[in-house]
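Note that the structure is predicted; figures quoted are calculated from it, not measured.
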Amino acid sequence: LCFNQWEIIAEERIVQYHYPPDDLIPRLVDNYFVCLNPYLPLLHRPSFERALADRRHHNDIGFGSVVMLVCALGARWCDDPRAYSDGQSPHSAGWGWFDQVQVHRKSFMGPPRLYDLQIYAVSSVSSSISS
């Protein structure tokens, strides 16, 4: 397939995510991989953590979206009030991060990337988890 450059660029928009605090991200990621990933192994932990350590989420919207979803899910098992969207209720855990992610691609003209597939898979889990 041949794509026009303007069709592909439409996907690569700049998004300014509001990530969890830097000291909270490792805890949320660990919660995700300890509490959920063993039962539904969607992500490879060493690859994910290597990309996170390289701060890829700050310049790759796809990986940034996966990080936001992992943090949102990891917040379900976190008692830190910073994980609560309203600062008080555990029922709001992670919602502020989940809500920022645009799950559906703006254009379907370009080929899907691994991160696109991970976004679909992880976001579908997010909607089925209850506290």
Side-chain angles (χ1 to χ4, degrees):
L1 291 172
C2 183
F3 299 101
N4 295 312
Q5 189 62 29
W6 55 267
E7 293 171 319
I8 296 170
I9 291 174
E11 277 299 306
E12 298 173 1
R13 60 186 168 73
I14 303 296
V15 172
Q16 198 64 15
Y17 282 141
H18 300 285
Y19 291 101
D22 287 340
D23 66 318
L24 185 58
I25 290 176
R27 182 171 174 196
L28 298 172
V29 168
D30 188 60
N31 286 351
Y32 171 85
F33 281 104
V34 169
C35 299
L36 182 61
N37 207 59
Y39 307 102
L40 195 61
L42 298 172
L43 303 175
H44 181 249
R45 187 173 189 165
S47 299
F48 181 89
E49 289 184 335
R50 187 170 35 255
L52 189 62
D54 291 342
R55 302 182 60 77
R56 186 174 303 158
H57 56 294
H58 289 292
N59 55 28
D60 185 319
I61 185 176
F63 183 66
S65 298
V66 175
V67 169
M68 293 294 277
L69 294 170
V70 165
C71 288
L73 282 168
R76 307 297 286 175
W77 294 278
C78 185
D79 59 1
D80 189 317
R82 297 177 297 168
Y84 307 155
S85 295
D86 65 1
Q88 299 174 24
S89 173
H91 296 289
S92 70
W95 178 252
W97 301 311
F98 178 84
D99 193 41
Q100 293 179 57
V101 177
Q102 179 181 342
V103 175
H104 302 289
R105 294 173 58 183
K106 185 175 179 181
S107 165
F108 290 98
M109 299 302 290
R113 299 183 323 152
L114 173 62
Y115 296 136
D116 297 323
L117 302 176
Q118 290 174 340
I119 291 165
Y120 295 140
V122 176
S123 67
S124 68
V125 172
S126 298
S127 63
S128 66
I129 298 267
S130 62
S131 56

Closest non-hydrogen atom pair, [X] against [Y]:
X: Val66; Y: Phe48; answer: CG1-CE1, 3.8 Å
X: Ser89; Y: Asp86; answer: N-OD1, 2.8 Å
X: Arg56; Y: Tyr115; answer: NH1-OH, 2.9 Å
X: Tyr17; Y: Gly64; answer: CE1-C, 3.7 Å
X: Arg76; Y: His91; answer: NH1-O, 3.8 Å
X: Val103; Y: Tyr120; answer: O-CE2, 3.2 Å

Does the side chain to side chain contact (heavy atoms under 4.5 Å, CB included) test come out yes or no for Ser85 and Asp99, once each step is laid out?
CA-CA 10 Å; Ser85 295; Asp99 193 41; over 6 Å; no
So does Arg113 get a backbone contact from the side chain of Asp116, meaning a donor-acceptor N/O pair under 3.5 Å?
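Yes.
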Just wondering, do Phe33 and Leu73 contact through their side chains at under 4.5 Å, heavy atoms?
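No, side chains not in contact.
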Is the closest side-chain heavy-atom distance between Leu69 and Trp97 below 4.5 Å?
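A side-chain contact under 4.5 Å is absent here.
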Reported [atom1]-to-[atom2] distance for the pair [X] and [Y], which is rounded to 0.5 angstrom:
X: Leu43; Y: Glu49; atom1: CG; atom2: CD; value: 11.0 Å
X: Cys71; Y: Asn31; atom1: SG; atom2: CG; value: 10.0 Å
X: Tyr32; Y: Leu40; atom1: OH; atom2: CG; value: 6.5 Å
X: Arg45; Y: Arg50; atom1: CZ; atom2: CZ; value: 13.0 Å
X: Ile61; Y: Gln16; atom1: CD1; atom2: CD; value: 11.0 Å
X: Trp77; Y: Arg27; atom1: CH2; atom2: CZ; value: 13.5 Å

Same apolar cluster: Val101 and Ile25, side chain cutoff 4.5 Å:
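Linked, Val101 and Ile25 end up in one cluster.
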I'd like to know if Tyr84 and Val70 are part of one continuous hydrophobic network [Ile/Leu/Val/Met/Phe/Trp/Tyr, side-chain heavy atoms within less than 4.5 Å].
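As far as the 4.5 Å side-chain criterion goes, Tyr84 and Val70 are not connected within one cluster.
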Classify the ring geometry of Tyr19 against His57: parallel below 30°, tilted from 30° to 60°, perpendicular beyond 60°.
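The rings of Tyr19 and His57 stand perpendicular, inter-plane angle above 60°.
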